[in-house]
Structures are given as structure tokens and as C-alpha cells.
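Data block below; observations after.
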Protein chains: 2
Amino acid sequence: MQADVLGRTFSALADPTRRAIMARLVLGEASVSELAEPFDMSLVAVSKHLKVLESAGLISKGREAQWRRCRLEAMPLKELDDWLETYRRFWSESLDKLESYAASLKQRRNVNERDE
Amino acid sequence: MQADVLGRTFSALADPTRRAIMARLVLGEASVSELAEPFDMSLVAVSKHLKVLESAGLISKGREAQWRRCRLEAMPLKELDDWLETYRRFWSESLDKLESYAASLKQRRNVNERDE
DNA sequence: CCATTAATTAACCTATAAGTTAATTAACTT
DNA sequence: AAGTTAATTAACTTATAGGTTAATTAATGG
């Protein structure tokens with residue numbers, strides 16, 4: 001398994017089922033069976049997914065009678081966002097390139113129009 | 001393997017070696033053996049890591065004589081950033097909570113000071 | 001043409017991720 | 001006390017990730 005926090009976050013979010021669970025939890029807290037309902041897999045499987053999310057710190061569970069209420073915990077996502085910081089200039093650079101390319105296309109079109 | 005783009009991005013970045021390679025490529029393009037140099041593993045292993053990054057679209061390779069120059073490609077990271085958008089309010093919320101907690105601590109300290 | 005350098009492909013090993021079913025724990029309900 | 005509901009743990013299967021060494025491909029340089 002992954003030792004580093006970031007690695008665990010990335011690897012937890014690599015699974016589409018787990019990302020769907022995260023998306024669901026944006027809407028509010030939910031029990032394990034509520035979370036499991038939309039998926040075509042056993043409750044056990046979902047329970048394991050939740051454990052992965054929990055040990056990555058992406059969710060927490062509170063107990064109420066026989067239910068576990070799961071809630072989203074965002075701090076690991078914030079760390080992910082911080083990690084991205086180093087790379088932001090790269091996509092703004094390529095967006096700049098795209099933009100200037102688009103501008104040059106437009107320019108060319110205008111020239112052609114003048115020719116007609 | 002992962003079908004979805006986002007899943008591939010997350011899973012590519014889950015590995016610390018691959019994140020280190022990404023960090024190196026921020027500094028500029030590099031050949032496979034240059035990239036492999038800092039790591040205590042075979043060139044083959046690094047080559048495989050590069051293939052994972054490449055099929056996630058996170059790097060590209062150009063050929064020059066017998067060298068492959070690897071460069072960072074940021075678009076998948078931008079998609080990751082977009083994915084994060086949904087969750088941003090969550091950590092600002094918890095930062096707000098932290099902030100107001102800190103404020104209340106400060107408040108209490110001031111009260112105590114007045115008592116002394 | 002042959003040797004060297006850069007990188008990939010092939011074949012293999014081992015650990016782990018993601019699922020299954022069956023059994024167990026724990027709390028509520030009657 | 002017995003039954004029901006919620007969830008976890010245990011035991012198992014299968015596929016894949018990440019590493020190894022040996023063999024192969026491809027370009028350069030004597």
C-alpha cells in the first residue's frame with residue numbers, strides 16, 4: 001500500500017465508484033447502504049471502497065445506532081489542489097498558445113473575407 | 001486498466017516515482033535515461049512508468065536520434081483541476097470553521113487577560 | 001560491418017486491488 | 001429471548017501493478 005498521503009489520495013480517487021461516492025457525499029451525509037444503493041455490486045464491496053476513502057482521510061464515519069453516517073472530508077483534496085499549484089502555469093501556457101492560435105485563425109479569416 | 005481519462009490520471013499520479021518524474025519535467029524536457037538517473041531501479045522500470053504517464057496523456061515523447069525527449073503535458077492536470085472545482089467550497093468551509101475557531105480562542109484569551 | 005548507446009519488448013515473479021459468498025458483530029424491535 | 005437490519009470481517013479468486021533479467025530494436029560512430 002501507499003505510505004504517502006498524496007499517493008493514497010490519488011489512488012483512492014482513481015476508482016470511478018469511489019469518485020461517484022464522493023460526488024454523492026457533496027449532496028450531504030449518507031449511510032453505507034444508502035451509498036451502496038446505486039451500484040451494481042455487493043454491500044461488502046462498497047463497504048471496502050468506503051474503507052479506502054476513509055483511510056485516505058477523504059471521508060469520516062460517525063455511528064448512530066446501527067448506521068454509520070459517512071461525510072466528506074476535504075482536506076486531502078485541498079492538498080491535492082496545493083500539489084497542482086506547481087503545474088498550473090503549464091496549462092495556462094498551453095491555453096495561451098491555443099488562444100493565440102485561435103486569434104491567428106480569426107485574423108486569416110478576416111484577410112480572406114477582404115479578398116472576396 | 002482504467003477506461004476513463006480521469007481515472008487514468010489519478011492512477012498515474014498515485015505512484016511517487018511518477019510524481020517525481022512529473023516534478024522533474026517541470027524543469028524542462030529530458031531523455032528516458034536522464035529521468036531514470038535519480039531512481040534506484042532499472043531503466044526498464046522507469047521506461048514502464050513513462051509509458052503509464054504517456055498513456056494518461058501526462059507526458060509526450062519526441063524522437064531525436066536514439067533519444068526520446070519527454071515533455072510534460074498539462075491538459076489532464078487541468079481536467080483534474082476542473083474535477084476539484086466541485087469540492088473547493090468544502091475546504092474553504094472547513095478553513096472558515098478553523099478561522100472562526102481560532103478567532104474564538106483569541107477572544108477567550110483576551111477575556112482571560114482582562115481578568116488578570 | 002561491428003561495437004556502443006538508448007530504449008523497448010518479452011517473460012517472469014510477487015504483492016495487492018477489487019470483487020465474491022459466508023460468517024460474525026452489534027444495535028434495534030417485538 | 002428471538003428476530004431483523006446494518007455493517008464488518010474472514011476466506012477466497014482473479015486481474016493487474018510494479019518490479020526483475022534477458023533479448024531485441026534502432027540509431028550513431030569508428
Side-chain angles (χ1 to χ4, degrees), chain A residues 1-22 24-25 28-72 76, chain B residues 1-22 24-25 28-72 76:
Chain A
M1 191 191 271
Q2 306 274 41
D4 60 309
V5 183
L6 213 49
R8 283 227 282 245
T9 306
F10 276 119
S11 120
L13 296 173
D15 186 280
T17 304
R18 290 195 289 260
R19 286 200 307 282
I21 289 172
M22 291 294 283
R24 164 63 186 80
L25 288 176
E29 303 188 355
S31 71
V32 176
S33 14
E34 279 166 354
L35 290 173
E37 200 275 324
F39 299 106
D40 188 23
M41 68 178 73
S42 69
L43 184 72
V44 181
V46 173
S47 178
K48 282 189 188 178
H49 280 304
L50 292 173
K51 186 174 248 172
V52 173
L53 288 171
E54 191 179 20
S55 55
L58 286 161
I59 66 164
S60 61
K61 284 188 224 164
R63 186 154 201 173
E64 269 174 56
Q66 65 254 239
W67 291 274
R68 271 76 161 178
R69 304 192 66 57
C70 303
R71 67 200 303 292
L72 200 145
Chain B
M1 192 193 271
Q2 305 276 42
D4 60 310
V5 183
L6 212 49
R8 283 226 283 245
T9 307
F10 275 119
S11 121
L13 297 172
D15 187 279
T17 303
R18 291 194 289 259
R19 286 200 306 282
I21 290 172
M22 291 294 283
R24 164 62 187 80
L25 289 177
E29 303 189 355
S31 71
V32 176
S33 15
E34 278 167 354
L35 290 173
E37 200 275 322
F39 299 106
D40 188 24
M41 66 177 75
S42 69
L43 185 72
V44 181
V46 173
S47 178
K48 282 188 187 180
H49 280 303
L50 292 174
K51 185 174 248 170
V52 173
L53 288 171
E54 191 179 20
S55 54
L58 285 160
I59 67 166
S60 61
K61 283 187 224 165
R63 187 156 202 172
E64 269 174 55
Q66 65 254 240
W67 291 273
R68 270 74 160 181
R69 308 193 63 59
C70 304
R71 66 199 305 291
L72 201 143

Under 4.5 Å between any side-chain heavy atoms of Ile59(B) and Met22(B), yes or no? yes
I'd like to check the salt bridge (charged side-chain N to carboxylate O under 4.0 Å, His left out) partners of Arg19(A); sequence neighbours left out, ordered by chain and number. Asp4(B)
Does Lys48(A) contact dT20(C) through a side-chain donor or acceptor facing the base, at a distance under 3.5 Å? yes
Hits for salt bridge (charged side-chain N to carboxylate O under 4.0 Å, His left out) against Arg69(B), two or more places apart or cross-chain, chain-then-number order -> Glu29(B), Glu64(B)
Could you check which residues of residues 57-69 of chain A get a heavy atom under 4.0 Å from DNA chain C? Sort them by number, please. Arg63(A), Ala65(A), Gln66(A)
Euclidean distance, Leu50(B) CG relative to Ser55(B) OG, rounded to 0.5 Å: 10.5 Å
Expected list for residues 13-22 of chain A near DNA chain C, using heavy atoms below 4.0 Å, is Asp15(A), Arg18(A)
Tightest non-hydrogen contact, residues Thr9(A) and Pro76(A), listed as OG1-CB, 3.8 Å
Which heavy atom in Ala14(B) sits nearest to a heavy atom in Phe10(A), and how many Å separate them? CA-CB, 3.5 Å
In whole Å, what is the span from the NE2 atom of His49(B) to the C1' atom of dT8(C)? 15 Å
According to side-chain hydrogen bond (donor to acceptor under 3.5 Å, both in side chains), who are the partners of Ser42(A), at least two apart in sequence or on a separate chain? none
So what does Ser11(B) touch, heavy atoms closer than 4.0 Å: a base, only the sugar-phosphate, or nothing? nothing
Quick note, salt bridge (charged side-chain N to carboxylate O under 4.0 Å, His left out) partners involving residues 35-47 of chain B, not counting sequence neighbours, are none
Value for CG (Leu6(A)) from OG (Ser11(A)), rounded to nearest 0.5 Å, stands at 11.0 Å
Hits for side-chain contact (heavy atoms from CB on, under 4.5 Å) against Arg68(B), two or more places apart or cross-chain, chain-then-number order -> Val32(B), Lys61(B), Arg63(B)
Taking side-chain contact (heavy atoms from CB on, under 4.5 Å) as the definition, give me every residue that meets it alongside Ala30(A), ordered by chain and number, with sequence neighbours left out. Arg24(A), Leu25(A), Glu34(A), Leu35(A)
Dot-bracket summary - DNA chain C, pairs being Watson-Crick or G-U whose distances fall under 3.5 Å, with | when paired to another strand: ||||||||||||||||||||||||||||||
Output the rounded distance in Å from NZ (Lys51(B)) to C1' (dA17(D)). 14 Å
Contacts of Thr17(A) that satisfy side-chain contact (heavy atoms from CB on, under 4.5 Å) - sequence neighbours left out: Asp15(A), Ile21(A), Phe39(A), Met41(A), His49(A)
Going by heavy atoms closer than 4.0 Å, what residues in residues 38-47 of chain B are next to DNA chain D? Met41(B), Ser42(B), Val44(B), Ala45(B)
Which residues pass the salt bridge (charged side-chain N to carboxylate O under 4.0 Å, His left out) test with Lys48(A), not counting sequence neighbours? none
